[in-house]
Novice: 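Below is a structure I'd like to ask you about.
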Amino acid sequence: MYDPMTVEPKWRARWEERGTNSMDVAAAKKPYYQLMMFPYPSAEGLHVGNVFAFVGNDIHGRFRRLQGWDVFEPIGFDAFGIHSENYALKVNTHPGKLIPANIARFKEQLKRTGLMVNWEHVLATTDPDYYHWTQWIFLKLYEAGHAVKKQAPVNWCPECKTVLANEQVEDGYCERHPGTRVHQRYLSQWFFTITKYVERLLDNLETLDWSESTRTMQANWIGRSEGAELIFEAPAGTRIPVYTTRPDTVFGATYLVLAPEHPLVDELTASEQQNEVGKYRREAGQKDVVTRKVGDREKTGVFTGTYARNPATGESVPIWIADYVLMEYGTGAIMAVPGHDERDFEFAEKFGLEIRRVVAASSPSPSSPPDQARAEVEDDTLPYISWGGVLVNSGQFDGLGPAEGVKAITAWLEERGSGRTKVQFRLHDWCISRQRYWGPPIPMVYCDGCGTVPVPYDDLPVLLPEIDDFKPDESGMSPLARHEEWYRVPCPKCGKLARRETDVSDTFLDSAWYFLRYPSTKFDDRAFDPATTEKWLPVDSYIGGNEHAVLHLMYSRFITMVLHDLGLLNFEEPFTKFRAHGTIVKDGAKMSKSRGNVVVPDDYIDKWGADTFRMYLMFLGPYLEGGDFRDEGIAGMRRFLDRVWTLTKKMATGAGELDRGAVRKLHQTIKKVAHDIEGLHYNTAISALMEYSNTLRAIEDDEAGLSRELLEPLIVMLAPFAPHFSEECWERFGHADSVHDASWPPFDEELARADEVEVVVQVNGKVRGRLRVAPGTPEAEVVESAMADEGVSRFVTGREVRKTIYVQDRLVNIVV
RNA sequence: GCGACCGUGGCGGAAUUGGCAGACGCGCAGGAUUUAGGAUCCUGUGUCGAAAGACGUGGGGGUUCGAGUCCCCCCGGUCGCACCA
């Protein structure tokens with residue numbers, strides 16, 4: 001009987017002794033970088049979702065190794081950030097104390113899972129040897145002009161006394177304090193100018209071998225749109241630029257709306273409207289960023305009391321301010337076309353503004369041009385939004401389709417100096433300041449004389465001080481701002497007393513470059529060694545969750561591009577291939593502590609062994625889609641390993657004739673399993689291995705029986721899935737070396753070929769018989785024997801054969 | 001609302017280019033072994049039907065000799081984005 005409780009620890013110990021998994025990064029000849037997204041080391045430890053993800057990554061890495069690659073499969077810990085910090089606050093223990101214990105626990109669990117992790121190259125983002133280089137990257141970006149300081153709104157929870165990320169705000173309330181409304185504060189913060197790279201970030205997507213869903217999400221996030229910037233002029237000559245994707249509808253623009261924060265509002269507000277406008281702006285400022293965007297969408301706004309000239313019609317249109325217009329997008333001002341935009345329509349209805357139709361749904365007939373179209377348009381009670389139809393009420397442009405109208409009207413306005421075509425993106429600059437404690441201090445110093453001064457490279461790292469009062473307070477500043485002994489430093493330039501930046505950087509910066517560090521963890525004088533990096537990067541295979549499809553992957557690509565442009569990297573895309581794995585759910589619902597349906601891997605590994613658990617997880621469903629975790633099936637997987645175990649004990653020693661059918665099945669299996677592992681289709685790879693073992697079981701008592709040639713390839717193919725079990729079998733076969741240093745079994749097309757195929761005979765598309773023929777039998781011969789088949793002739797005789805369809809080696813269809 | 005993906009036995013899920021639907025596994029039933037239970041092994045297992053056969057991949061229509069697969073409409077689900085002008 002196979003006993004994982006003794007076999008698995010035995011092999012883990014031996015792997016460590018022999019250094020089986022410690023591939024020498026410097027000496028590797030055929031490098032293959034197999035990366036998985038590193039975990040946040042939570043206090044709860046590894047959950048099945050992590051194990052599922054890591055095992056899938058490990059199988060691919062181990063398979064590549066069997067194919068002869070020098071596979072580098074590192075792991076690290078994303079241990080900075082608000083998660084760790086909030087947990088530390090909750091249990092009232094310093095995060096610096098919690099993290100090492102959590103990491104130790106994770107390591108233990110990861111090892112028990114049997115991963116081929118290279119433990120010589122572990123990293124933790126909280127380690128000063130690591131964040132030294134996170135700060136170095138900040139300085140590199142600063143030097144290149146990609147790090148700038150500007151004012152930005154943040155969510156503030158008065159109860160937590162801290163800034164919240166958008167994800168921590170639920171419908172305007174703090175996620176930790178359901179009764180507390182979050183509001184908006186303006187703070188001066190550091191930004192990385194990722195928007196400068198927006199075209200490359202979008203265009204390069206097409207060249208990447210990434211999950212389609214991930215690329216789509218990135219493209220949506222970047223949000224490219226084409227349109228025009230048009231100028232509306234106020235009487236005093238103030239030019240108000242607006243961005244629109246529908247410049248063809250400018251003849252229908254009956255009013256303007258500015259965002260409440262728009263810098264021109266003061267100037268444009270008439271004196272009698274001052275009070276109203278001021279009040280509205282204050283109210284808008286009170287709303288937190290999230291509520292304003294997703295909360296109650298009842299339109300609100302106030303009239304500024306002034307007008308601007310529509311550049312197309314020359315008419316005066318009223319200028320309003322309303323919070324449905326966002327300052328962060330476009331120019332922070334829109335031309336409202338209520339006839340053809342739902343939001344503008346709703347607003348116009350509410351405030352009694354003019355609605356003018358400028359696109360008719362159907363083409364006016366030549367006999368009764370625009371009049372008829374106008375009539376039908378005026379009946380409408382809702383805006384008409386489509387790229388179909390024709391322009392009406394648009395002067396010389398009447399009759400054009402919207403797409404032609406865009407070109408013609410933009411060109412016409414451009415000629416008159418009131419517009420130009422414009423491409424707009426949704427992506428914003430990346431705010432990296434966090435008014436928190438648990439992160440790498442931003443390496444900047446503010447000096448009264450010299451201004452903003454970067455910390456010299458030689459003074460890095462700026463160590464995060466160990467303070468007890470890491471709890472945030474009312475001020476909106478980092479807890480570090482309470483520690484004068486820390487932030488008071490001499491200015492690096494002039495030596496006078498100056499002040500450190502007290503904010504720390506975003507966790508996403510830690511993870512935006514960690515893959516560069518792994519191969520170079522041995523170098524303490526550089527972030528990443530040029531020769532090592534050239535050898536190992538870009539990453540050959542990256543696997544992770546789609547929850548990081550946008551931010552993490554986008555930021556990593558951005559940092560890589562910047563470092564490339566600075567001449568520090570010779571590639572500009574970090575991940576050649578990326579696949580998003582699926583999610584494991586329980587009873588159809590996402591696992592979460594609040595639902596109480598979290599599955600902890602430890603008990604399963606204790607009971608069934610890591611190998612059984614690994615295979616079971618992979619067999620649940622397609623790796624790229626995930627599946628539902630149930631206890632019922634796991635015994636079946638254990639049964640499978642037990643059967644293979646029994647097979648290996650029956651290995652025939654004599655040199656009998658090999659079973660032809662088994663050899664054929666073997667080669668078919670080699671091909672299928674390799675193909676499936678490459679595509680990460682582990683569930684079907686496992687089922688192919690099961691089929692092959694069933695084939696062997698059927699001949700186990702035969703004379704020639706189970707020869708080494710039939711059994712050993714099964715064990716090798718099983719090795720990526722069940723690494724301990726396979727080692728034990730391999731050893732019992734008399735091998736002194738590791739099965740993981742063996743080679744993937746060679747595939748022979750000739751041996752895989754069937755010497756007889758079954759051809760299905762259909763009459764009118766219904767199966768009426770089957771024939772066994774040699775592969776490649778010509779059509780005429782097959783049809784002839786098909787007609788002779790009793791089951792077939794019953795349905796054919798006495799009827800006229802209209803035609804026959806023949807698919808080589810597969811099917812005959814006789815149409816009568 | 002917009003975008004992407006998906007819907008197949010009692011269950012999880014298979015099915016290159018349109019070509020035997022239900023691989024593999026779970027569960028279940030019968031049998032062997034066992035004092036019994038468990039474990040193991042063998043056989044069976046989409047539905048209706050005694051059988052021949054008919055029906056069958058969320059529903060409806062279409063293309064085709066042939067549709068789970070392609071096209072159109074509808075219903076249901078999952079994920080992402082969400083006042084982005």
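Proteins get letters first, then strands, A, B, ... in listed order; numbering begins at 1 in each.
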Novice: For a quick test of reading the model: is some side-chain N or O of Asn683(A) closer than 4.0 Å to OP1 or OP2 of A14(B)?
Specialist: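 Result: yes.
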Novice: What contact category does Leu620(A) fall into here, base, sugar-phosphate, or nothing, at under 4.0 angstrom with non-hydrogen atoms?
Specialist: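 Sugar-phosphate, backbone atoms only, no base.
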Novice: For the side chain of Lys803(A), counting heavy atoms from C-beta on, which of C65(B), C20(B), G13(B) is nearest?
Specialist: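 Of the candidates, C65(B) comes closest.
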Novice: Once you measure the plane-to-plane angle for His581(A) and Tyr623(A), does it fall in the parallel (<30°), tilted (30-60°) or perpendicular (>60°) bin?
Specialist: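 The rings of His581(A) and Tyr623(A) sit tilted, inter-plane angle from 30° to 60°.
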Novice: Once you round to the nearest 0.5 Å, how far does OG1 of Thr684(A) lie from CG of Asp676(A)?
Specialist: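 The distance works out to 3.5 Å.
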Novice: Please verify the inter-ring angle class for Tyr2(A) with Trp645(A); under 30° counts as parallel, over 60° as perpendicular, anything in between as tilted.
Specialist: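 Taking Trp645(A) first and then Tyr2(A), their aromatic rings sit tilted (interplane angle of 30° to 60°).
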Novice: Output yes when at least one side-chain N/O atom of Tyr243(A) is less than 4.0 Å from OP1 or OP2 of A85(B), else no.
Specialist: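 It does not, given that no N or O in the side chain of Tyr243(A) lies less than 4.0 Å from OP1 or OP2 of A85(B).
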Novice: Answer with base, sugar-phosphate or nothing: what part of the nucleic acid does Val815(A) contact at a heavy-atom distance below 4.0 Å?
Specialist: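 Sugar-phosphate contact only - Val815(A) comes under 4.0 Å of backbone atoms but never of a base.
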Novice: If only side-chain N and O atoms of Arg697(A) are considered, is one of them under 4.0 Å from the OP1 or OP2 phosphate oxygen of C41(B)?
Specialist: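 So the side-chain polar atoms of Arg697(A) do come within 4.0 Å of the phosphate oxygens OP1 or OP2 of C41(B), strictly under.
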Novice: Considering just the side-chain nitrogens and oxygens of Arg643(A), establish if one lies under 4.0 Å of OP1 or OP2 belonging to C41(B).
Specialist: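 Arg643(A) to C41(B) OP1/OP2: side-chain N or O found under 4.0 Å.
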Novice: Report yes or no: is there a donor-acceptor pair, N or O only, under 3.5 Å between the side chain of Arg810(A) and the base of U16(B)?
Specialist: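 In this structure, the two groups form no donor-acceptor pair.
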Novice: Applying a 3.5 Å limit to both distances, which nucleotide forms a Watson-Crick or G-U wobble pair with U35(B)?
Specialist: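 Pairing partner, where one exists within any strand: none, as none qualifies.
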Novice: So, OP1 or OP2 of C79(B): does either fall under 4.0 Å of a side-chain N or O from Thr583(A)?
Specialist: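 It does not, given that no N or O in the side chain of Thr583(A) lies less than 4.0 Å from OP1 or OP2 of C79(B).
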Novice: Hunt down the Watson-Crick or G-U wobble partner of A82(B), both distances under 3.5 Å, from any strand shown, or write none.
Specialist: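 Matched A82(B) with nothing under the 3.5 Å cut-off.
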Novice: Closer than 4.0 Å, any side-chain N/O of Arg426(A) to the OP1 or OP2 of A82(B)?
Specialist: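 So the side chain of Arg426(A) is within the cut-off, an N or O lying under 4.0 Å from OP1 or OP2 of A82(B).
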Novice: Enter the distance from Ile222(A):CD1 to Ile194(A):CD1 here, rounded to the nearest 0.5 Å.
Specialist: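 The CD1 atom of Ile222(A) sits 8.0 Å away from the CD1 atom of Ile194(A).
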